[in-house]
K.L.:
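Take a look at this one; I'll ask things after.
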Amino acid sequence: MTITVQEITDSGQWNGFLTSQPRGHLLQSYEWGELNRYLGGRIYRLGALDDGRMGCMGRMVGALMFSVA
């Protein structure tokens, strides 16, 4: 098992993982992050991948917020 953390730039990969989670929420969606970016926020989407398969994700908005699914 090899776990790597990398930036996720593919909206389909991000939202696909989010919708597969029982507690995924609209406010964690790729598009919500884009709205925050449009409003001036700095968005960082990170995924923890186990041999290329996402097992965890987190989005940071600036340095103030962090959401995990």
Side-chain angles (χ1 to χ4, degrees):
M1 170 179 11
T2 302
I3 297 176
T4 58
V5 175
Q6 68 183 51
E7 184 174 9
I8 306 298
T9 58
D10 182 313
S11 63
Q13 181 183 22
W14 184 269
N15 288 335
F17 179 78
L18 176 64
T19 58
S20 74
Q21 302 305 301
R23 299 185 73 109
H25 194 276
L26 170 69
L27 299 180
Q28 297 170 319
S29 70
Y30 195 93
E31 291 75 15
W32 189 259
E34 289 302 293
L35 175 62
N36 279 279
R37 176 174 291 167
Y38 175 78
L39 295 173
R42 290 179 296 174
I43 307 301
Y44 305 96
R45 296 177 186 92
L46 303 175
L49 291 87
D50 178 5
D51 291 326
R53 184 168 174 250
M54 190 157 8
C56 178
M57 67 181 203
R59 179 184 69 222
M60 292 184 287
V61 180
L64 302 176
M65 298 175 62
F66 188 75
S67 60
V68 176

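In this text the structure is predicted, and so the values were computed from the model without any measurement.
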K.L.:
CZ/Phe17 to CD/Gln28 distance, rounded to the nearest 0.5 angstrom?
P.N.:
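Going from the CZ atom of Phe17 to the CD atom of Gln28 covers 10.0 Å.
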K.L.:
Which residues satisfy the side-chain hydrogen bond (donor to acceptor under 3.5 Å, both in side chains) test with Gln6, sequence neighbours excluded?
P.N.:
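Partners of Gln6 under the side-chain hydrogen bond (donor to acceptor under 3.5 Å, both in side chains) test: none.
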K.L.:
Mind checking the CZ-CZ spacing from Arg37 to Arg45? Nearest 0.5 Å is all I need.
P.N.:
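Rounded to the nearest 0.5 Å, the CZ-CZ separation comes out at 5.5 Å.
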K.L.:
Supply the atom-to-atom distance Tyr30 OH to Ile43 CD1, rounded to the nearest 0.5 angstrom.
P.N.:
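Separation between the atoms: 10.0 Å.
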K.L.:
Using the side chain to side chain contact (heavy atoms under 4.5 Å, CB included) criterion, which residues pair with Ile3? Sequence neighbours excluded.
P.N.:
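If we apply the side chain to side chain contact (heavy atoms under 4.5 Å, CB included) test to Ile3, skipping adjacent residues, the hits are Met1, Ala48, Asp50.
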K.L.:
In this structure, would Leu26 and Ile8 fall into the same cluster of hydrophobic residues linked by side-chain contacts under 4.5 Å?
P.N.:
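No, it is not one cluster - the side chains of Leu26 and Ile8 are not joined through contacts under 4.5 Å.
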K.L.:
What residues form a side-chain hydrogen bond (donor to acceptor under 3.5 Å, both in side chains) with Asn15, not counting sequence neighbours?
P.N.:
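side-chain hydrogen bond (donor to acceptor under 3.5 Å, both in side chains) check on Asn15 returns Glu31.
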K.L.:
Got a second to check how far Trp14's CH2 is from Leu46's CG, nearest 0.5 Å?
P.N.:
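So the gap between those two atoms works out to 7.0 Å.
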K.L.:
Who are the side chain to side chain contact (heavy atoms under 4.5 Å, CB included) partners of Thr9, not counting sequence neighbours?
P.N.:
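Side chain to side chain contact (heavy atoms under 4.5 Å, CB included) list for Thr9, sorted by chain: Glu7.
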